[in-house]
Structures are given as structure tokens and as C-alpha cells.
**Q** 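Here's a structure for you.
Naming: A, B, ... by sequence-line order, numbering from 1 per chain. Model, not experiment: these values are computed from the prediction.
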Amino acid sequence: MDPVYPRTQKIASDYQVIRHRRHIGLQQLMALSASASTILGPNKSFKFIVGQNDDEAVLACSAFRLLENMDLTCAAGQLLNEAVQSHQKIYKTGSSTFMFMVGAWSSAVLECLRQDIRISLIVPVMSGGLELCIEACKAHALPIQDIYRRISWRTKTTDFPVDHLSSVRSDDFTHCKKSQTVLKSVSPVVVSSKKSALAESEVTLHKEQLKLNSPLSANLKNNKSLQNCLKLKHSRHFSVKNLEEPLLCRGGPNFVPDSMCSSMFFTYLAQSLCHGCSHAIRLVIDACRLQVKLARLKEPTSGALTAFDVSKLVTFVYPGLSENYSCVTSGFISWVLADQYVLAKSFHGQYLRVVFINGDATEKYRHVGLNNTLNVKYITDASCLEMNTEESWDCRTLAALLKLKVNLILIQGITSTRYVETCVKHRILVVQKVKHEVFKDLAEATGGIPVFYFSQLDESCVGNGITVTLWKTTLNKEFTALKITTSSTMLVTAFITSPAICKLQMLEDQFWTCAHRLNHALTEETVLLGAGDAEMFCLMHLESLVEEDPAKLYEAIHKHMATANLVSMSEDAMQYTRQILQLMANGWRDYISTVYYNSGLCTTKLKALTAISEYLSKKEKHVSLFSHFTPNVLGCDNDGKPTCENTGNAEVYDNVTVKLEAWRGALDLVMLVLQTDAEIVTGYVETES
Amino acid sequence: MSRLEVQRSALRLSDPLSDGRTQQQLCELEQIFASCYGPCGQLKQIHNNRGGHIQTTSTALVLLRGVPVSDPLLKLLCASVLNHISRFSDCGLFTSILSCRLIQSALQLNFHSSTIVRIFKHLLGDCIRYLNSDSCACKLKIDFNSTQVLLSLARSIIVSKPACLLNSKEVQHVSCLLLKAFLHTVPCHIGGNTLLGKTIVYSIEGHRAEKSSLFPGMLLDLLDTCPKFVHTKLTSRSIKVMVFSASLSGDLPEGVNGGVEACTGVSPEAVLLESLLNLGSQLIADDVDLLVCQKVVHPALKQQLKKHKMIVVDRLGHALMEPLTQITGATAIASFQTAVPHKCYGQLKGLDMVSVASKRLLHLIPFEDSCVYTLVLCNRNETTLNELKIACQTAEHVLKLTLKDPFALLGGGCTEVHLSAYIRNKVTSEMNCELADLDCTATEYMVVARCFCSSLEYVARALDHEGRECLIDLSHGHKWIVPSNEFIGCKWSDLVTQCACGSIEKSNRMNWVVLDGNYDTFSPKLIENIQMENIPECIILDSFAAKTNALQVAVETASLVLDFKHVVKDVN
């Protein structure tokens, strides 16, 4: 057997060539990705990354943070890091899937190589197979319209039966009455011959899911069966407190299936996308509700879905308070120096005038691009010595601000404490280090124009309508948190707090992940069924292709063969294709079993793998994977519920593009590393013989 | 007294090629290049041992720039290959492999190096004469009335870089875009000052290659918020453009080197700012719509111009200045302190904001006869995008070279094998006339010629990395590959279907022999039926100009290296 170690050749003093026998690169990828296996699924395990020399520790629970903080010495590790970071930058979520699939497919490829399958066959077969699976998944994706119909149908049929009124609060009573009238107008549509397409689908859903034979209208009088419905669909959604807001869409004959502005549907969708980050998704849902409210103030006809704008979300991190204090608020929150506390309090309730300063507010600041190499010699006579240019700058700028009656300066950069003191004395608040997006948004909302220098300021640059509030109590003697907002802004800040400071970054990351997952789902208007369903679908699709439609498979593979005329599909190639696709599918099996193992639904991965094989052999294509994996099948001890914080949803969803692009990116990386046969390390000083 | 060191005298190394280390390094370099060659080539990762950026590549350009070589002979070899790449862009790996191979096989021979060099040069002359002649059987004339040959040429180049990870649909799409860009850059009217147009490449990472597209004119990235008044500029009149190459950021002009003396109360910055604002008022008065500056524009000037609805683009960079002046006809102004003459203004047909693969860019729309196009290239990650950029630049250059030499050579190794068969035939049949000119014996001539031919065949075989058998057919002299490794008991004719370049299908009257250097010489005949109409879709082609020059550079560099007697090295 050949030795496993790379064969290095040290011959030159300028560079060293390391030839990869046994594909060290792929083995390194496998080893690194193994750390991502506990990050999959709803129960994420936190990881501490400790520095060897300085004993600093970082808490990470997502793949990109993990790789960011690790000191990667091998080339394959650096490539993995770059690939994961660039995926994260574009999609903001899905990096753990990416990292896991890199490891899974690296091991699949290594197994192919062990079976002596040549690289020029592995690359096109895997690429072709993945492309076919991705196309099939896209076709299999669920439009969120369908989910909406299911939810809205459920709420209509299980809404407020008369019995329940006693347990309902008085302000909900009027609402119940309203929704009963809603129901009354729906039922004739169902029963009578005026059928709309929606009514028909509602009826079919109704029959399938509840298997009740009598038409809806009869059930309205029959509270018992409605109570049965309630029992069958016992979920947080239908409890009283969630129905504070009226259903924002109007039911009845004018029902438009496209106006998906139901906040209940929104909550449902968000919770099924969050994959266990229930704390973060609660903040995201609150943020969205706030955005809807703000949008309503601007334009009364906008709905929940059109109002959600992830680019207008900001986070503010506050160490020390309990996590229950996390909330959302409009505008943005910033730290200011504590000596502005009294001034800020006095401005409570007033509308302030604001200027926006790009860059720093100091005398020495020059805009980027100015090479200040002016070698200036000042010639003067002794009578007009003006030594202190800074003070004169302060006076001049203050005069300009007072002339314009400005109360607040928002600075993107920094300024000196002395300047802040001077400003406070003249009743001007100063906020530094404002983030760029916030800056731009507030400038637009208040009508101000950002400038670089105070000399550019004039009446047209000043914005109006800003209000300032003190936020929470000052725990810190030096700084105070100030909330700044205006009426026409859509900015919403998520106030994130935790007593454990190391957890703050993680909570912020989770917030953004959930927000972007929701955003992707709403922009694409489709989702994939989660909890391993998409992967299982791909497994079944590949199997069916190999058995029933090999021509389509070979056509896809040929597309990926660069020199198609050189390699004809000989008999062994066809057999190898099957083997390669089998090994590739094992990557997905691994993923599904890891997800189920991590979520606590089964005690060992082996049980999950067995369950998967059983499912495949039964070929029950219409039953979703999640509902198939009952406790009996998985042989687990708890009563069939995942051990994570269950959001009460029956379904788990995934984003389409994020998942498919993660698969593609992962396979690309594995193919690149597979096709690399040597590393050339430069800057190498020869010391050994 | 500071440290003084005794100056050491220079080292003289004689017969540098006989040094074992040099030979080993040469062998190593050849293996690196040979393993990267072709569409099935393996990739190399180049990085510094202290960490830092990793480049994964299989192109000669990146490899030669990234691999530091200190041996003087090998440095010479790398430098001459880099020079070839800078002039022709293509066939870099071919040159390096061929010259390394020639040097190595010449070293095995026991003859005097000057004889070998003479014979090599003579054989090279024969090759070039054959390739340039009309009866050359591995050459195709490009008909500019049909796109098929040009498309095949572009496609062969894109396909030869395996790190791009493109499937055949994407390869087709990118090749079509490249061909379109090339055709657009050829000007329609030949006037006095005609220049070939330029294709600017704008790359976007993270999207599939199918999203690549071609735009006339230029695309600029507006780093600030896109101004809302762009759409109002799409009026019927043309856009007036002012181009500045000087820095408008408030710096002193570049000519001022020494210090500045000023009285107190006078601030040089304020004075400069005032002259900038004066310039601004002149531009506003002249109704200019777009100001483009190569360097930075002072924010106060930007604010003044934006108030009057003028679009300001700064930090353009040096590379885009020339195409910009070509499209607009503007003259770039180098000073802001004097009034701007009216004839320096340029014209554009229009402006637009376009959305390309999730990025919003400002599109400068030129008039119809402009030859500057922007190719937006997308690919999924940084490595694949960089390789695709190099492949596209190579393809663009090669297509431009066809304007001068409208020919293409058959690819896939067929040209090399064909040339080798031709040379073998010529050497055996016309030996007597040559010997007198070359001043060598018959054995020497035969042996060196065989060495030359086997080097050519080695390069052709290097395209296949899986150890498959290569054959040569005894009628046309093309290379054929046997797909599988199990051919015991089969005849060659059962295993092969078409030749490596795709131009010949097998026929009953062909005979094949294994390509290992020992076969009877024959006279390769012309392919009678390779007419324009019969060119197969998936033919693989090489650039004629690039390959002939590559052949010349390889042989001449090898001859130069073989001819070295001494190396003098300064060790201070």
C-alpha cells in the first residue's frame, strides 16, 4: 500500500512542491467539516475557540464564526474559510449546511478514489447529478401561497365557536363577532354553486386533512365537532392571545388569494423557518409587526409582506440585562457620552433639527483621497499670532450650528470629547459612530443632506423632525443609550441584551440569520420542506433516474464533460456512474441522520440511517419525512417531540436558493480540491537536505 | 567606521546544465506544467508558507508569475515564456513543456550541443515553412462569413481551463458572448484614425456563469447612492461629458513639489477649494450632465454639482480612462485651475441604471459606431472567476490575432503529431541534401531529428492524464485516443471513433500504430474533405499565430539554454 503521507520534494530554495498522494486536501476538508456536524439542526451546540497563546476565548455557534476565529494553517482549510465567508456574505445564512456538505461529499469522493474511479469521471457525474437534483428540487418547492391557504383555511374553520366566548376577554369579543360574520360570508361560498377556485381548494384540503364529511355550514352550529377540530389542531396559533390583531385580509366572496397580509400566516412562516432559534425569531416577528405599523402610518394600504424590509433592520447590543428585555423599537439606538444625559432628558418630546456629518468632526479631518502633503510655511508678523487653530475651528463651527438652530449632530466618524462638551454647553447633542445605512436612512427621512465639512452647511442640509429618548437606565457611568427616531423612517432596531457578554455576538448572528431567512422566503415566494425532506427527495430522484431514466442522467453528465468526444460512455463508465451517485447520495443520508440525531428525535445516528433506508424502500412519496419519523420508527424515548424549543408548528421549512446554492458551492469546492494535485509553497527557505 | 566587508569576486560556473540540481529543477518544472496541461489538467495551489492568499490555477501566466525560480537558466526560460504570453496570450504551457522536454532529451544525447542546436533550428525552419505553406494539412482557413470556426476557437480556449468549472451550456454562452464582443470591436468604417475597439471585463462573484452579459459602452459602479435624477437624463439630446484626469480633491497640482509660503489668514486649502468651486460653476453654466474624474472629487464640489443635477463619478482609475475618451470623444483635462475649453467636452448617447446580477451600475450608452463594449463575467467563487477572466482575455486576444493571420490549427494534439510525422518523413526522404548544409553526420541528423519529433509527440501525449493509449493513424497523421484501458484481443479500429481534434471519423481503410516513436515513416496526406461546410460542431482548434510563435520560442529558448557554456554570478 502506498504511504498515506504526502510526498514532498525539497529541492529548491525558492519554493517547495507538495504532491498530494491520497488527496490530503480532501482529508483536511473532511476533518474540518466534522466540527460542523453539531451545528446542524435545531439544537445547536456552542463551541469555544480558545487561543493557545493568549487564552482569549470566543463563543461560536455557526460555521462562519467558527472558521473566522480558527487559525487555519492548511491550504484546504483556508479555501474552505474563503468559500464559507463568501457564501455568508451573499446569503447571510446556510453556512453550516455548506460546511457539512463539503465534508460529506469529500468523504464520498475519497471513497470513489479508493475504488479506483478516475477523476475525469467523478467530476462530471457528480456535477451532472447535482444539477438534475437542483432542478428537481426547484420544481418540488412549495409556493408560500399554498401554505397561506392551508393556514387561512384552518383559522377560518376553527375560529371562535360560541362556547369559547366565555373564556375570551372583552376586547376580543367584538373581534369574535366580526370573525363570525366573516365565517358566515365564507360558508355560502363553500356550499353554494358560486365556486371560486379558492373555495374548491379549501374544500379539498378540508376533506383531506380532517376527513369530515358534512359541509362547513352544518359544523358552525355544531360546536362539538368544532371543538374536535380545535383539539386536532391544537396549536399556539389558535389560542386567544395571538389573535389580538384582526385578520388583516378580508374573507368572503371578494377574497383575493394573493393578498397574503395575514400576520398569523407570517408568524407561522417565520417560526417554521427559524430552526430552533425561537428567541431570535420572536424579535424578527416583532420587528416585522413594527415595520407594518410604521408603513401603515405612511401608506395605509400596505400589507405585512410588502413592508418587511431587511435592509432597514439594525441591531443594538447591550451587555448586562436579562434576555427577556430584548425587544424592538423604531429608529436607532446609540451610545452617547454620559454628560449628555441631562440635555437629552430635556429634549424629551421636542422635535429637533439635525445635521449629518460624514467622516470625523475634527479640525484635522480631510476627506479620503486628499493627500495632505501641503508643506506650508506661514509668514507672519508678531502682532497676529493665532496659535490655537483648534479652538478657532470649534468657535467657527459652533457659530454655524447655532445660526442654523441645530440641536443634534449625527457623525459617522468620531470627534473629540472637548468638542462634545462645548456642544453640550450650547445645547447641542452629539452622536458619534453612526452606522452607514442608518445615517443614509435618517438623512433621507428627515430631508437632511450629509456633508463632509462644516463649511458646506447651509439651510438645505438641515433635517427636521427628529425625536430623542433615553433608552433604559444607565448602567454604565460613561455611556448612556439614546434612542433617536423620526416619524417617517422605516428603521427598526432590535435591542438585544444578555447577561453573558460572550453570548451577545451569537444572539445578534441568530437574529440576522432568522431575518434573512424570512426575507429570502418572502422574496422568492417559495420554500422547501425542511427537516431533511429536500435531501430525501434528491435521494429518491437520483435513484429513479438511475433506474428509470438513465438517458436524462447521461445527458446531464455529458454536459459537464468538457471533452465529451474523448470519453464515450463505455460499459464500465455506466456502472461507475451508479457507484458514484450512490456515494454522493450517502452525503445526503449523512446530513439527514445528523439533523435527526441533533434534534433529539433519535438516540443514535444508526437508527436514523435505518429509518431512512426503510422509508426509501417503502417509497411513500406523499408522506413527508418529518411525519414518517415517528417515535416507533426512530425508536426514541421521548414522546416524539424534538428536544429543542418546539415552536408548535407541524412543519419546518427551508429557503430554496440558500440551500441549493450551498450544495452547489460545496460541490464546487470539493471538485476544485479534488482536481488539485500539488501545492506550491513559496517563500520557503531551505534548511533540510 | 561602518561595517566593511571584503568584496568577493564573482563566481563562474561552467557547463551549468550538467549540474544535478539544475536538471532536477528542470524536471520538476516540466512535471508541474505537464500536469496542468489541457482541459483534464490538474490544478495547482500557490501560496506563501506564512499563510496569505491562495491561488488555485492551471494557467501558465499565474504559475510562472507565482513560482519563483532562482536558477539563471530556468529564469531565462520562464522569462521567454512570459514574454510569449504577453504577446500572444495562448499556448504558454505548450511552450514551457516543449522547451523543457527538448532540453532534457538533448542532454541525453552524446553529441556536441552546437550540432544539436543547429539541427534544431533547421528543423524548426522546416516546421514553420510547412505551417505557412498552402498545402499544410493541419491548418484551417477562417471564413469570416460564418461564425462556426471562430466560435470553436473561442470554445476550445474556454474549455482548456478546467478550474472554471463550467458545464457545456455555460461554455457555449460565454463563447458566444466573447465572439459577439470581438465582432463588435472591429470598427465598421475604416477611416484615418481607426483603432480596434476594446472589451472591458467587469467581474461579479457569486452568480452562475449564465448571468454573464455584454453591454455596449461602459458600466460604472456608483459607490454612493444612485442619484434619482439619472432617469431624467434620458432625453432626446445627447449627454455632455467632462473628463478629468487630474485630482479634484483639493490637492495641490502635481507639479508643485516644493513648499508653499503663505501669509497668516490665507489658507491654501480654502484657495484651492475656491478654484474648484469656480470650475464647478463653469460646468454648471455650460450645462454639463456628467463629470468623470480619474481620481477623487472634493465633497464640497460634489455637493454643489449634485444640487444642479449633475452626475459625478470619481475614482475611475487609470485603466478605464482610455476607453472612456474613446467612447465620448472627450479630452481628459489635467488641470482645474484654468477655464475649460469647450472642445474638450465629450458626448454620449444616453445614461441608464442597469441591474446586472444583483448589482446596480451606471451604463454609459455610446453612439452606434463605438467599438467599446463591456463584458460582465460572473462565476460562482473567486477561484473560478479568476480563471474565467484569464480564459476570456486569452480568447479575446486570440480572436483579435485572427484578423492578421486568418487561420486556425487543429487542436487536441493532432497538429503536433502531424508535424512530427511530416518531419520524420522529410528527414528520411531528403537527407542527403541537408547534410552538407548542416555540417553533421547522417547519424547525428537522424538521432536529433528523432529527438525533436518525440518531444513534439510527448507534448501531444501530455494532454491525457490518465495513462490512456495514444495512437497515430498512418494516413493523415492525427492523434487518436483509446478510451478504455482494456483492449486485449481487440483491434484498434473497434476501440476508436474519432481523432483527438474531432475532424476525422474512422474509416475502414485506416491503420493505426501506437504513438511511441517507433513507426515507419509515411507521408501524411491532406484531408481532402475538410471543407468549410463539413467542419464538425465540436472541433477543437488552436490559434495559428500563437502556436507558431510558441513553437519558435520553445525551440529557440531550448537552443539558447543548451548553448550556455558559462554562468557568471555576483555573490555580493
**Q** Would you call B:His47 and A:Gln78 a side-chain contact if the rule is heavy atoms closer than 4.5 Å?
**A**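 B:His47 does not reach A:Gln78 side chain to side chain.
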
**Q** Among A:Leu669, A:Ile90, A:Asp668, which residue has the highest count of heavy-atom pairs closer than 4.5 Å to chain B?
**A**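 Greatest number of close heavy-atom pairs with chain B: A:Asp668.
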
**Q** Considering only heavy atoms from C-beta outward, does the side chain of A:Tyr453 approach that of B:Gln303 to under 4.5 Å?
**A**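 The answer is no, as the side chains (C-beta and beyond) never meet within the 4.5 Å cut-off.
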
**Q** Would B:Lys44 and A:Asp677 count as a side chain to side chain contact (heavy atoms under 4.5 Å, CB included) here? Give the steps.
**A** CA-CA 6 Å; B:Lys44 303 284 172 290; A:Asp677 67 339; 2.7 Å; yes

**Q** For B:Asn381, which atoms come within 4.5 Å of any heavy atom of chain A: side chain, backbone, both, or neither?
**A**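 The side chain, not the backbone.
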
**Q** Enter the distance from B:Arg380:CZ to A:Glu661:CD here, rounded to the nearest 0.5 Å.
**A**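 Rounded to the nearest 0.5 Å, the CZ-CD separation comes out at 7.5 Å.
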
**Q** Measure across B:Glu466 and A:Ser120 and return the closest heavy-atom pair with its distance rounded to 0.1 Å.
**A**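 Smallest interatomic distance, heavy atoms only, reads OE2-OG, 2.6 Å.
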
**Q** Roughly how far apart are A:Leu672 CG and B:Thr383 OG1, rounded to 0.5 Å?
**A**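 Atom-to-atom, A:Leu672:CG and B:Thr383:OG1 are 5.5 Å apart.
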
**Q** So, for B:Leu63 and A:Ile680, which heavy atoms are closest and what is the spacing to 0.1 Å?
**A**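 The pair with the smallest heavy-atom distance is CD2-CD1, 4.2 Å.
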
**Q** Find the distance between CG (B:Leu301) and CD (A:Gln456) and round it off to the nearest 0.5 Å.
**A**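 Rounded to the nearest 0.5 Å, the CG-CD separation comes to 10.0 Å.
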
**Q** What part of A:Ser127 gets within 4.5 angstrom of chain B, counting heavy atoms only: side chain, backbone, both, or neither?
**A**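 The answer is neither part of A:Ser127.
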
**Q** Is chain B contacted by the side chain of A:Ala75, its backbone, both, or neither, given a heavy-atom distance below 4.5 Å?
**A**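 When you check distances to chain B, atoms from both the backbone and side chain of A:Ala75 fall under 4.5 Å.
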
**Q** Please report the interatomic distance CD(A:Gln675) to OG1(B:Thr56), rounded to the nearest 0.5 Å.
**A**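 That separation rounds to 11.0 Å.
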
**Q** To the nearest 0.5 Å, tell me how far A:Leu674 CG sits from B:Leu43 CG.
**A**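 Interatomic distance, A:Leu674 CG to B:Leu43 CG, rounded to 0.5 Å: 9.0 Å.
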
**Q** Decide side chain to side chain contact (heavy atoms under 4.5 Å, CB included) for B:Glu205 and A:Ser86; before the verdict, give the C-alpha distance in whole Å, the side-chain angles of both, and the deciding distance to 0.1 Å.
**A** CA-CA 9 Å; B:Glu205 190 188 322; A:Ser86 82; 3.8 Å; yes

**Q** Answer with side chain, backbone, both or neither: which region of A:Asn81 has an atom nearer than 4.5 Å to a non-hydrogen atom of chain B?
**A**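 When you check distances to chain B, no heavy atom of A:Asn81 falls under 4.5 Å.
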
**Q** Is B:Ile158 close to chain A through its backbone or its side chain, or both, or neither, when contacts mean heavy atoms under 4.5 Å?
**A**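 No part of it gets close to chain A.
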
**Q** Select one option (side chain, backbone, both, neither) describing which atoms of B:Ile46 are under 4.5 Å from chain A's heavy atoms.
**A**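 Backbone plus side chain of B:Ile46, per the 4.5 Å heavy-atom cut-off to chain A.
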
**Q** Of all the heavy-atom pairs spanning A:Tyr91 and B:Gly206, show the shortest one and how long it is.
**A**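 Answer, listing the atom of A:Tyr91 first, then B:Gly206: OH-O, 4.4 Å.
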
**Q** Quick one: CD1 on A:Ile119 to CD on B:Gln42, what's the gap to the nearest 0.5 Å?
**A**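 With rounding to 0.5 Å, CD1 (A:Ile119) is 4.5 Å from CD (B:Gln42).
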
**Q** Can you check whether B:Lys169 reaches A:Glu131 side chain to side chain, under 4.5 Å on heavy atoms?
**A**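 Counting from C-beta outward, B:Lys169 and A:Glu131 never come under 4.5 Å.
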
**Q** Between A:Leu72 and chain B, with a heavy-atom cut-off of 4.5 Å, which part of the residue counts as in contact: side chain, backbone, both or neither?
**A**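 Neither the backbone nor the side chain of A:Leu72 comes within 4.5 Å of chain B.
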
